[in-house]
Each structure stands twice: as structure tokens, then as C-alpha cells.
Amino acid sequence: MLILALAGALLPSRAAAQESRPPQAESGSSTVPYSFLEIPSSVQAFSLGGVNISQIDADVTMSDQNPALIGPEIDMQIAFNYMHYFGSSNFAGLRFGMAHGERAAWACGIQYLDYGAFRRFDEGGVEAGEFHPIDLALSGLYSHDFTDRLRGGINFKFIATSYEHYSALALAADIGLNYYIPEHDTSLSLVLKNMGGQIKRFDKAYNRLPFDIQLGWTQGFPNSPFSISVTAWHLNKWHLPYYTHSDENGITTSELKDSFASNLLRHLVFGIEYKPSDRFYIGLGYNNKMRTDMSTYKRNFLSGFSLGMGLKVRSWGFGVAYAQPHASGSEIMINIFSNIGELLRR
């Protein structure tokens, strides 16, 4: 059902839903119902292409990218994230982090995705009310500094999904490492993401979690406010083919793209950040997989690009990011966060 829900959200007008069926692929196994786990909750990550596991900042929302990116520096930080997703979909969450001694931290959070109202039809095509497909993820995280440069973290997730009268439960974990070289302003990261599986199926078919192996590199420059990031994702699968479509004389032709160059670029996400101080940044990203995935639909010049900014004033912070992967649909994300400890000390 999620495939149908996402299709309705992507199209400019809401198409009528077919009869209710559990979300599954024809082969009996699919990662589609859990694709929402790849949506970032951080404006900073969103602005840098939607995937970034190595950008160093005291931002508790970056924990869903890499659990090793947070530490004692996020003590008593609470953050709210909201994104207007495609169509009438809304993605929101809340996250709280706290220091545990001088070399460790923990965090917990909740993420919720509501795809909006969809019309329900029975097998005879008779309308039978509406339903709201939803996804929910609860997380608990712990990170620890092994050395002054090496930090590790693990993020446990409990996942619940409900599509009409079908529901499923799953357990997952992210394991991350970050190695930071301060004298060169170099950050290197490795993340094993979404390890786990379903503990309750929608129906008879088994739906896999979107397991992913990611590598990240962020490089700052001496006496410069700029840094660049390159994130490699989907490293557990080299071939990421896609189709391009063209119309000529009323005839639509499709061409499969599966060359070495196309696969390589679809594995890479690029980002550049301008950060003149700890209180302000502007990020720009490019995600080639997002752009080429949209080649099947009506993409525009902005497809694959994202832009965002963040501002901190005393113990409060605000961030906003924008992307338009589809000609008829855009994404706007906001973060609002505060350091409760600083507020209490005033």
C-alpha cells in the first residue's frame, strides 16, 4: 500500500487508491515500506544532499545520520524537526540528548511520517471511506569517545508501520564510527545503517529493512569558513541502474543506464558548507541518485540539489532547508532546537 501512498503523494493530484493490499514486491520481499528511514531529520544533513555522516557540529539531530556524531557537547539539547513532504505528507520528530560523564552521551527520539488521507475502495470499486498510512520510529542512542580522535556510537530503533488495516513491526540498529583530526580539520566516518529485520509482518511476505553501508569524508580548510563533504552510500550494492525516458514523434523510448560512471555517481553525495562562525552556516548539496531517480518523472533543473541554512542565538537555534526533486513537488524542512541546560542556568 505504501507504493500507492507514495505515488499519490508524488503526483500533483491525488489519485484514487485501489483495493487495499499489503505492501510487498512481486518477489515477496521489498524494502519499500521502510524507505522513510532514509529521510533525514537534520536540516544540516538535508542541505548537504540528504546524506552526510561526517559533518562535525553540536547538533543532536545529526544522530540519525551517524550515532558517532554526537557526544557530551550536546548536553541537555532538545530539537524538533518538521518537513512538509510530497503532497499532503508530513514528517516530524523530537529528539533529546544528554552527556554521560566526560566521554559519552545518550539520546532518544521519535520520528513520525503521515502520508495524508487516501480514499479507500473495495474490490468492486465502491468507495469505503479514508485511511491514513503512517510510519513511526522510536530510537535510543549511546556514543562513547574511545580516544581524543575516535568516537563510536550505536542507535537502536523500534519501527511501527500502519497502512490501512495492515501493520508491521521491526527492530533495527545503526553502528557508527567517526575519526576526527583537528589539526587538519578532517573528519572520516563509517556507518552500518538499518541492521535488523521485521518481528511482525504485514502479511505473508517478508519486507527487508534498507540496510546500508556508508563512508563519509568532510574536509575543512585553514583560515577558511568553507568545508566540503563526500558521502558514499549503498556500498553494499554496486549496481544501481535506472532508466531514462524520451518522447519523439509521440513514441516513448526507454534506455537503461548501468555503466561504471553512472553507478559510481549514484553512490556519491556531495556537499559544501559555508560556516563563518559557530552560530551560522549555509549548506549546498547535490545527490545524483535523487536526480537520476527523478528522470522517470518530471524532474527540473533543481532535482538533486538542496540548500539550507542554520542560525544560533544564545541557547536557541533554527534551521531551514529546501529541495525540489520533482517539478510538481518540493520539500521544506525546519529544525528548532534549544539547550535546556543553558536556559536553566540563566
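Note that the coordinates shown come from a computational prediction; the quantities given were computed from them, not determined experimentally.
- Under the 3.5 Å distance criterion, with hydrogens and angles disregarded, no donor-acceptor pair is assigned to the side chains of Lys193 and Asn66.
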Without placing hydrogens or testing angles, list every side-chain donor-acceptor pair under 3.5 Å for residues 234-241, not counting sequence neighbours.
residue : atom : partner : partner atom : Å
Asn236  : ND2  : Phe211  : O            : 3.2
His239  : ND1  : Asp258  : OD1          : 3.2
His239  : ND1  : Asp258  : OD2          : 3.4

Kindly indicate, with the supporting measurements, whether the criterion side-chain hydrogen bond (donor to acceptor under 3.5 Å, both in side chains) is fulfilled by Tyr166 and Asp203.
-> CA-CA 7 Å; Tyr166 297 99; Asp203 197 31; 5.7 Å; no
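- Shortest non-hydrogen contact noted between Pro210 and Glu38 is CB-OE2, 3.7 Å.
- For the pair Thr161/Tyr163, a side-chain contact is recorded, criterion being any heavy-atom separation below 4.5 Å from C-beta on.
- Side chain of Asn287 to main chain of Val269: no donor-acceptor pair is present (N/O by atom type, distance under 3.5 Å, no hydrogens or angles).
- The local environment of CZ in Phe318 is crowded, with over 12 non-hydrogen atoms from other residues, nucleotides or ligands closer than 6.0 Å.
- Arg266 places a side-chain heavy atom less than 4.5 Å from the side chain of Tyr242.
- Residue pairs meeting the salt bridge (Lys or Arg N to Asp or Glu O under 4.0 Å) criterion with at least one partner in residues 50-71, sequence neighbours excluded, are Asp57-Lys275, Asp57-Lys312.
- Leu69 belongs to a hydrophobic cluster with Ile56, Met62, Tyr180, counting contacts under 4.5 Å between side-chain heavy atoms of Ile, Leu, Val, Met, Phe, Trp and Tyr, direct or through other members.
- Asn335 contributes a side-chain N or O that, together with a main-chain N or O of Val43, makes up a donor-acceptor pair within less than 3.5 Å.
- Judged by distance alone, the side chain of Arg279 and the main-chain N or O of Leu311 form no donor-acceptor pair under 3.5 Å.
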Run the numbers on Ser42 and Asn81 for side-chain hydrogen bond (donor to acceptor under 3.5 Å, both in side chains), then give the verdict.
-> CA-CA 7 Å; Ser42 166; Asn81 66 276; over 6 Å; no
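- The minimum heavy-atom distance between Tyr206 and Gly196, with the atom names listed, is OH-O, 4.5 Å.
- In terms of modelled atom types and a separation under 3.5 Å, the side chain of Ser306 and the main chain of Ser47 share a donor-acceptor contact.
- Note that the CG atom of Leu136 and the OG atom of Ser167 stand 12.5 Å from one another [nearest 0.5 Å].
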Under 3.5 Å, which donor-acceptor pairs do the side chains of residues 97-110 form with other protein atoms, sequence neighbours left out?
residue : atom : partner : partner atom : Å
Arg103  : NE   : Asp145  : O            : 3.2
Arg103  : NH2  : Asp145  : O            : 3.3
Arg103  : NH2  : Thr147  : O            : 3.3

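- Here the side chains of Gln324 and Phe305 are not in contact, with every heavy-atom distance at 4.5 Å or above.
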Might you work through the side-chain hydrogen bond (donor to acceptor under 3.5 Å, both in side chains) test for Asn263 and Lys257, ending with a clear yes or no?
-> CA-CA 8 Å; Asn263 281 303; Lys257 299 289 186 179; over 6 Å; no
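- Screening residues 218-229 for salt bridge (Lys or Arg N to Asp or Glu O under 4.0 Å) gives no qualifying pairs among residues at least two apart or on separate chains.
- Ring centroid separation for the pair Phe226 and Phe221 does not come in under the 6.0 Å cut-off.
- Under the side chain to side chain donor-acceptor pair (under 3.5 Å) criterion, Glu273 pairs with Gln44, Gln55, not counting sequence neighbours.
- Side chain of Asn52 to main chain of Ser54: a donor-acceptor pair is present (N/O by atom type, distance under 3.5 Å, no hydrogens or angles).
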